[in-house]
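Below: the structure, in structure tokens.
No hydrogens, no waters, no symmetry mates; every other heavy atom, side chains included, goes into these values. Counting convention: from 1, in listed order, for ligands and their atoms alike.
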Amino acid sequence: MSAETKPPAGADLLAEIDRLRKERNAVILAHYYQKPEIQDLADFVGDSLELSRKAAATDAEVIAFCGVKFMADTAKILSPEKIVVLPDLDAGCSLEDSCPPEKFKAFREAHPDHIALTYINCSTEVKALSDIIVTSSSAESILAQIPPEQKIIFGPDRHLGGYLSRKFDREMLLWPGVCIVHEAFSETELMKLKAQHPGAPVAAHPECPPAIIDHADYVGSTSGILSFAKTFPGDTLIVATEPHIIHQMQKELPNKTFIGAPGADGNCNCNICPYMALNTLEKLYLALRDLQPRIEIEEGLRLAAKKSLDAMLTMASGTVGKGDLGARS
Ligand code: 13P
Ligand code: SF4
């Protein structure tokens, strides 16, 4: 970082971010996987569906999106008149990377009688090639509205697709993408952890592989897992998703114990999303100061992608506890 791209030496970043947020008429949106210091200063912390809804509804002039690029892209697709900044443009997603638009297009063309139900963790181009977008908190209620005889391609997360397919007893053509973070949980280490905490339930995100889901007492989105944390009867919960969500749990439920599910080395650090972790307070300060890096999307592409997102927003029946995946059947 050169001198002019750095905050002034000794700057109080929290105070500066606060000043810039007001000056710019900006709203700071953060995903539950962001670092605690970012979650704590955000105007709103939520899951990907809630953040999309906030981005579509805000009357702020600037959206500072503390999440990954497909989330900031979604905010720009839904609110094109706003300036949308992402603190680090390299904050991508392994699911998005697994699904190049030209390959997805060819796959669609090879299956003309299928509709494309697509997880929001994908590029704007793939959204434009899709019929309906889903998030993990809206997937089940949306899938339930699609007639049983309709053939479906589900991408890019084969674990979420497989989970839905098993739960609904419905065949779908699955794109072979995975989230590198959820893929890294170890069944063996999870079994050891469960043995150390007898009776502690496991809450898992549906991006986890089936070997982890099979041990879960609750499967749902980040918001769904947070709701479960508030309502489960015990005092210790094992959490199989990106561990930064535990910050919200500990804040809201200081008397309960939350333990991150382990990776293969028995240490949950390998389950920190490396993309989400690229955003820092310093980069957020610079993004608000310079209104860069800014998300720009060509208008024709934006309108094409908006159709599948609008379909999601219309069909999603609610957020936590309504459209969520809910308890494992
Ligand atoms: P949700 O916030 O919709 O549960 O999704 C999690 C995720 O993968 C974010 O990358
Ligand atoms: Fe993508 Fe996984 Fe990171 Fe979510 S946690 S942004 S799905 S890599």
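In this view, Arg21 and Asp18, Asp43 satisfy the salt bridge (Lys or Arg N to Asp or Glu O under 4.0 Å) rule, not counting sequence neighbours. With sequence neighbours left out, Gln292 forms a side chain to side chain donor-acceptor pair (under 3.5 Å) with no residue at all.
Within the 4.0 Å heavy-atom shell around ligand 1 one finds Met71. A heavy-atom separation below 4.0 Å is not found between His182 and ligand 1. Using a 4.0 Å heavy-atom cutoff, Tyr33 is listed among the residues neighbouring ligand 1.
Short contacts between ligand 1 and Asn121, defined as distances under 4.0 Å to a heavy atom of the residue, involve ligand atoms 8 (O), 10 (O). Residue Tyr33 has at least one heavy-atom neighbour below 4.0 Å for each of these atoms of ligand 2: 5 (S). Interface of Ser221 with ligand 1, defined as ligand atoms under 4.0 Å from a residue heavy atom, comprises 4 (O). Per-residue contacts place Thr222 under 4.0 angstrom from the following atoms of ligand 1 (heavy atoms of the residue considered): 1 (P), 2 (O), 4 (O). Ligand-side atoms of ligand 1 in range of Ser136: 1 (P), 3 (O), 4 (O), 5 (O), range being under 4.0 angstrom from any heavy atom. Of all atoms in ligand 1, numbered sequentially from 1 with element shown, those under 4.0 Å from a heavy atom of Tyr119 are 5 (O), 8 (O).
Within a 6.0 Å sphere centred on NZ of Lys251, other residues, nucleotides and ligands contribute more than 12 heavy atoms.
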Could you walk me through whether Phe154 and Trp175 pass the ring-ring contact (aromatic ring centres under 6.0 Å, His included) test, one step at a time?
CA-CA 6 Å; Phe154 188 93; Trp175 188 266; over 10 Å; no

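Counting only protein atoms, the N, O or S atoms lying less than 2.8 Å from atom 1 (Fe) of ligand 2 are Cys93 SG, ordered by chain and residue number.
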Less than 3.5 Å apart, which donor and acceptor atoms pair up between the side chains of residues 90-103 and the rest of the protein, not counting sequence neighbours?
from: Ser94; atom 1: OG; to: Val178; atom 2: O; distance (Å): 3.0
from: Ser94; atom 1: OG; to: Ile180; atom 2: N; distance (Å): 3.0
from: Ser98; atom 1: OG; to: Leu95; atom 2: O; distance (Å): 2.7

